[in-house]
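What follows is a set of notes on a single structure, which appears directly below.
In this text the structure is predicted, and so the values were computed from the model without any measurement. The figures here come from the full heavy-atom set of this structure, side chains too, leaving out hydrogens, waters and symmetry mates.
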Amino acid sequence: MPMNKSPSLVVVAATTAAEKQKKRYPGESKGFVEEMRFVAMRLHTKDQAKEGEKETKSIEERPVAKWEPTVDGYLRFLVDSKLVYDTLEQIIQDSNFPTYSEFKNTGLERAEKLAKDLEWFKEQGYEIPEPTAPGKTYSQYLKELAEKDPQAFICHFYNIYFAHSAGGRMIGRKVAERILDNKELEFYKWDGELSQLLQNVREKLNKVAEEWTREEKNHCLEETEKSFKYSGEILRLILS
């Protein structure tokens with residue numbers, strides 16, 4: 001007859017299984033935002049982030065120093081970005097859904113800042129274009145997600161705001177050097193200490209995610225690639 005496993009072996013086996021389970025979700029021990037950050041970093045190229053794993057394929061993934069931006073293209077980018085932020089911020093502001101209500105008035109909001117920037121361009125004599133397909137498509141997609149898929153919507157919320165506070169600022173600075181005589185737009189300024197605003201939102205995101213099942217968390221993480229796809233299409237407008 002086979003011998004029964006000793007209690008110590010059972011404990012070791014259970015511990016090993018638990019460790020393997022933990023290893024599947026890098027960053028999990030630090031909170032869900034760290035999981036989101038890890039997945040997002042892997043979708044960057046090496047030029048964009050040291051943790052990046054993606055190969056450089058499209059033009060906007062090349063180093064910004066090699067870009068050849070135009071004011072017209074940059075205006076298209078700003079207009080489409082404003083549509084996306086308008087949509088995000090309206091969804092959050094109008095919602096009574098607890099998951100979204102946590103994120104009202106975080107200080108990261110960008111729509112009003114973009115409105116001021118577009119007004120400045122108008123004063124310089126530029127014609128402000130209408131939103132184009134990338135912005136309109138992303139805006140509509142966010143509206144649909146907000147209604148039926150809160151985990152996926154929160155993934156976009158996180159990636160849009162946090163990417164802008166990091167790589168987005170660097171892109172804004174480089175583009176301003178090339179075509180705006182180093183003019184710093186309102187889009188890249190925050191009222192208050194940005195690091196603290198981001199930390200406050202991290203804490204809120206972690207708190208919201210504590211209520212989710214592991215499957216819901218994974219579903220949120222899986223949406224990251226779509227977030228990058230839609231944002232990348234808007235970013236590409238700078239070079240159009």
For Glu186 and Leu114: C-alpha separation, side-chain torsions, deciding distance, then whether side chain to side chain contact (heavy atoms under 4.5 Å, CB included) applies. CA-CA 7 Å; Glu186 296 296 317; Leu114 280 162; over 6 Å; no
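- Listed by chain and residue number, Tyr126 satisfy the ring pair (Phe, Tyr, Trp, His ring centres under 6.0 Å) test with Phe121 (two or more places apart in sequence, or in another chain).
- For the pair Tyr161 and Leu88, the minimum side-chain heavy-atom distance is below 4.5 Å.
- Counting only residues at least two apart or on different chains, the salt bridge (charged side-chain N to carboxylate O under 4.0 Å, His left out) pairs with a member in residues 218-230 are Lys229-Glu233.
- Separation of atoms CG (Leu108) and CG (Leu194) is listed at 7.0 Å; rounding is to 0.5 Å.
- The line from CG of Leu180 to CG of Leu185 is 6.0 Å long, rounded to the nearest 0.5 Å.
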Evaluate side chain to side chain contact (heavy atoms under 4.5 Å, CB included) for Val79 paired with Leu118, printing each intermediate quantity in order. CA-CA 8 Å; Val79 166; Leu118 292 171; 3.9 Å; yes
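- Between the side chain of Asp80 and the backbone N or O of Ile234 there is no donor-acceptor pair closer than 3.5 Å.
- From Asp86, atom CG reaches atom CG of Leu142 across 12.0 Å, with rounding to the nearest 0.5 Å.
- Between the Thr137 side chain and the Ala133 main chain, a donor and an acceptor come within less than 3.5 Å of each other.
- When the shell of 6.0 Å around CD of Glu144 is examined, it contains more than 12 heavy atoms from other residues, nucleotides or ligands.
- Using a cut-off of 4.0 Å between Lys/Arg side-chain N and Asp/Glu carboxylate O, Arg214 and Glu35 are scored as salt-bridged.
- Outside the 6.0 Å centre-distance limit, the rings of Phe153 and Phe157 are not counted as a close aromatic pair.
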Test log, rule salt bridge (Lys or Arg N to Asp or Glu O under 4.0 Å), inputs Glu34 and Arg37: CA-CA 5 Å; Glu34 186 63 16; Arg37 191 194 72 80; 3.0 Å; yes
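- Interatomic distance, Leu198 CG to Glu203 CD, rounded to the nearest 0.5 Å: 11.5 Å.
- The backbone N or O of Ile92 sits nowhere less than 3.5 Å from a side-chain atom of Ser95 that would complete a donor-acceptor pair.
- With a 6.0 Å radius and a threshold of 12 heavy atoms from other residues, nucleotides or ligands, Gln93 has its CD atom above the threshold.
- For the pair Lys183 and Trp120, the cation-pi test (distance below 6.0 Å, angle within 45°) is passed.
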